[in-house]
Amino acid sequence: MNNSTRLFEPALVQTAIRQAFIKLDPRSQFRNPVMFTVELGTLVMLLVTLYIVATGDQSQGSLAYNLIVFFVLLLTLLFANFAEALAEARGKAQADSLRKTREETPARLVQPIGEMYVGEIKTVPSSQLRKGDVFICETGDIIPSDGEIIEGIATIDESAITGESAPVIREAGGDRSSVTGGTKVLSDQIKVLVTTEPGESFLDKMIALVEGASRQKTPNEIALTILLAGFTLVFVIVCITLKPFADYAQTPIPIAAFISLFVCLIPTTIGGLLSAIGIAGMDRALRANVITKSGKAVETAGDVDTLLLDKTGTITLGNRRATHFWPAAGVSEESFMETALLSSLSDDTPEGKSIVELAQQKGIRASLPEGVELIRFTAETRSSGVNLPSGLRIRKGAQDSIRNLVTRQGNAVPADMSERVKAISQNGGTPLVVAQNEQVQGVIELQDIIKPGMQERFDRLRKMGVKTVMVTGDNPLTAEYIAKKAGVDDFIAEAKPEDKMQYIRMEQANGKLVAMMGDGTNDAPALAQADVGVAMNSGTQAAKEAGNMVDLDNDPTKLIEIVEIGKQLLMTRGTLTTFSIANDVAKYFAIVPALFILSIPGLQSLNIMHLHSPESAILSAVIFNAIIIPMLIPLALKGVAYKPIGASALLRRNLFMYGLGGVVIPFIGIKAIDLAVSLFF
């Protein structure tokens with residue numbers, strides 16, 4: 001199914017229809033001052049119609065006339081409210097679908113025997129864990145709750161929490177015993193004591209930060225609200241002053257005429273189309289594989305000044321990969337690559353597989369002979385390898401682990417290898433040292449690979465006036481290296497969740513609109529605080545909940561498309577606002593002369609439309625006012641083509657096309673309707 005058609009699924013349409021009628025309740029809260037005014041006018045017309053039915057008094061016009069005016073006003077509201085309700089229903093459905101993806105983490109709870117946790121193991125949902133409970137986790141398990149390791153040692157993947165792909169060692173005792181719920185055990189087995197009550201975990205604190213964050217209104221939104229309120233106030237004054245003028249001219253104007261005139265003159269066209277424009281933004285975002293929780297989020301993207309991107313999984317692939325083989329002095333490159341390949345053939349980690357791939361790309365082929373002894377990686381040794389039947393012992397691991405292995409046998413690490421390890425670390429990489437029979441053979445360089453085409457994409461953002469800032473938990477040296485290589489404008493190193501929020505608030509305090517892209521739980525507060533929060537679909541549930549967009553393609557450069565969609569949305573709203581204002585002015589000069597033409601013959605020169613009667617003029621105007629909204633919805637949904645032209649050129653273009661069109665079309669439309677209405681009135 002095409003993404004655009006999903007906006008009009010039967011269930012969503014039914015929900016929207018119900019909500020459209022619910023919005024007619026006068027007790028509802030209205031954010032749009034124009035449509036709120038139309039609601040009040042429709043309610044008054046209903047009361048007038050009921051009064052005529054009850055009393056038979058037709059001093060305010062015939063029952064048929066008032067009924068028609070009432071139903072036309074009701075139709076106007078339904079067109080506008082249906083579009084708004086459909087947008088709200090779609091946004092709610094998207095948010096609900098994301099929440100349904102949350103799964104309860106199972107925990108293997110250890111039943112205590114006395115003071116020893118060696119009893120029966122029982123699997124329970126993580127929500128049932130309490131402070132003081134003990135659970136077991138082994139390779140591949142998600143840690144269900146915050147706690148302290150009381151037994152064992154393990155390698156932990158904390159990328160979901162810290163945003164960094166490099167695994168860490170956690171062990172019982174000391175300052176490395178703390179583990180966080182939501183992280184993953186990569187090797188070995190640990191026994192963990194729960195240290196928090198429900199609601200006090202790291203994730204709960206992140207949620208509290210998210211709930212405490214607030215999004216500011218966009219300058220365009222504020223400006224349009226002021227504009228609509230201003231025009232509404234102006235035409236309130238205009239309509240009020242018509243009453244004494246009508247009394248002076250001895251021209252009675254019924255309540256239906258006053259309300260119809262008022263509804264026609266205030267900017268109901270743009271007021272009713274705002275929701276359709278929001279739907280258009282959501283629809284175009286969906287076609288770009290971006291789920292948005294509101295059209296407002298897409299609109300805001302068009303005015304973004306600063307973009308914060310989490311490094312791991314956003315700018316980089318998130319998995320370290322082998323990028324270079326560095327043989328020691330006296331060791332041939334081919335021989336070292338073959339040794340590195342043999343050490344990795346049984347290594348199922350992404351790093352190990354990348355070593356095999358790189359060696360094979362360089363033409364090295366090898367296989368493990370029969371009788372080989374595999375030395376698995378453990379968090380304690382921090383190394384792995386093989387013992388071959390020929391007597392060769394190959395080990396691959398962290399530089400300090402291999403150094404200890406080598407020095408215990410009375411050997412030394414070559415100076416050039418120590419320098420190479422240092423250089424790799426300074427360049428943001430991870431060195432793996434390979435030894436054969438306790439002699440260092442060389443170093444394998446691992447790098448967190450930057451996604452292809454990043455520099456070109458960031459150049460495009462820079463040309464669009466968007467400043468890019470990389471956020472990472474890496475040290476400043478590594479962060480600077482990655483930032484330069486990726487082509488971002490600035491970076492924040494060793495960033496904590498609070499640091500990201502503080503940076504965003506600082507930018508917002510300076511009048512900037514900020515977008516944040518991320519995928520980890522640690523990104524959630526910043527995603528919530530940002531004006532546009534885009535979470536990666538591969539990210540954590542907390543990140544998805546916090547953001548107002550989710551990128552299904554996990555492409556950080558998708559923001560370029562989002563910004564272009566946002567700018568198109570703003571252009572569409574600007575053109576339709578121009579059309580609406582011109583429309584209202586044209587309707588004023590078309591209707592008012594017709595109202596007083598009988599009592600003030602001097603206005604005949606202004607009656608260029610020659611409408612049949614005051615009644616037909618008012619009815620024709622209110623009907624035109626109702627039907628122009630659905631007629632313009634296709635344009636609002638399709639949008640005005642985005643063109644990177646200057647603001648002055650865009651203003652001239654809009655004034656000519658939509659300003660002139662907004663003046664001419666009402667004259668033609670109202671006259672055509674008047675010809676039909678005059679047959680009955």
Do we see a donor-acceptor contact under 3.5 Å between the side chains of [X] and [Y]?
X: Q529; Y: Q508; result: yes
X: R505; Y: N510; result: no
X: D489; Y: T468; result: yes
X: K396; Y: S344; result: yes
X: Q441; Y: Q439; result: no
X: S177; Y: E148; result: yes

Crowded around E334 CD? As in, over 12 foreign heavy atoms under 6.0 Å?
no
Tell me if a side-chain donor or acceptor on [X] pairs with a main-chain N or O of [Y] at a distance below 3.5 Å.
X: S335; Y: S332; answer: no
X: S126; Y: A107; answer: no
X: R395; Y: L405; answer: no

Specify the closest pair of heavy atoms between [X] and [Y], including all atoms of both residues, with the distance to one decimal.
X: A479; Y: F491; value: CB-CD1, 3.7 Å
X: T180; Y: T183; value: O-OG1, 2.6 Å
X: I364; Y: E338; value: CG2-CA, 3.9 Å
X: D416; Y: A329; value: OD2-N, 3.3 Å
X: N437; Y: G391; value: OD1-O, 3.5 Å
X: V185; Y: A154; value: CG1-CB, 4.1 Å

Start with the C-alpha gap between M501 and I504, add the side-chain angles, then the distance that decides, and say whether side chain to side chain contact (heavy atoms under 4.5 Å, CB included) holds.
CA-CA 5 Å; M501 287 189 69; I504 292 173; 5.7 Å; no
Under a 4.0 Å threshold between the charged nitrogen and the carboxylate oxygen, would [Y] count as salt-bridged to [X]?
X: E564; Y: R460; result: yes
X: D133; Y: R130; result: no
X: D305; Y: K467; result: no
X: R393; Y: E438; result: yes
X: K191; Y: E151; result: yes
X: E138; Y: R108; result: yes
X: K484; Y: E480; result: yes
X: K500; Y: D523; result: yes

Tell me, do [X] and [Y] make a side-chain contact under 4.5 Å, heavy atoms counted?
X: L432; Y: V443; value: no
X: T323; Y: L446; value: no
X: D531; Y: K512; value: no
X: T123; Y: L109; value: no
X: V534; Y: I562; value: yes
X: I444; Y: V434; value: yes
X: R321; Y: Q447; value: no
X: Y503; Y: V469; value: yes

Please report the C-alpha distance between I149 and V179 in whole Å, then the side-chain angles of each, then the deciding distance to 0.1 Å, and finally whether the side chain to side chain contact (heavy atoms under 4.5 Å, CB included) criterion is met.
CA-CA 7 Å; I149 300 176; V179 293; 3.8 Å; yes
Stepwise side chain to side chain contact (heavy atoms under 4.5 Å, CB included) test for I136 and I190
CA-CA 6 Å; I136 290 177; I190 51 175; over 6 Å; no
Roughly how far, to the nearest 0.5 Å, is [atom2] of [Y] from [atom1] of [X]?
X: D146; Y: S178; atom1: CG; atom2: OG; result: 7.0 Å
X: I315; Y: M470; atom1: CD1; atom2: CE; result: 5.5 Å
X: E171; Y: I153; atom1: CD; atom2: CD1; result: 4.0 Å

Go through the steps for D400 and R403 under the test salt bridge (charged side-chain N to carboxylate O under 4.0 Å, His left out), then give the verdict.
CA-CA 5 Å; D400 56 339; R403 178 184 289 111; over 6 Å; no
Side chain to side chain contact (heavy atoms under 4.5 Å, CB included) evaluation trace for S401 with S383
CA-CA 7 Å; S401 175; S383 64; 3.9 Å; yes
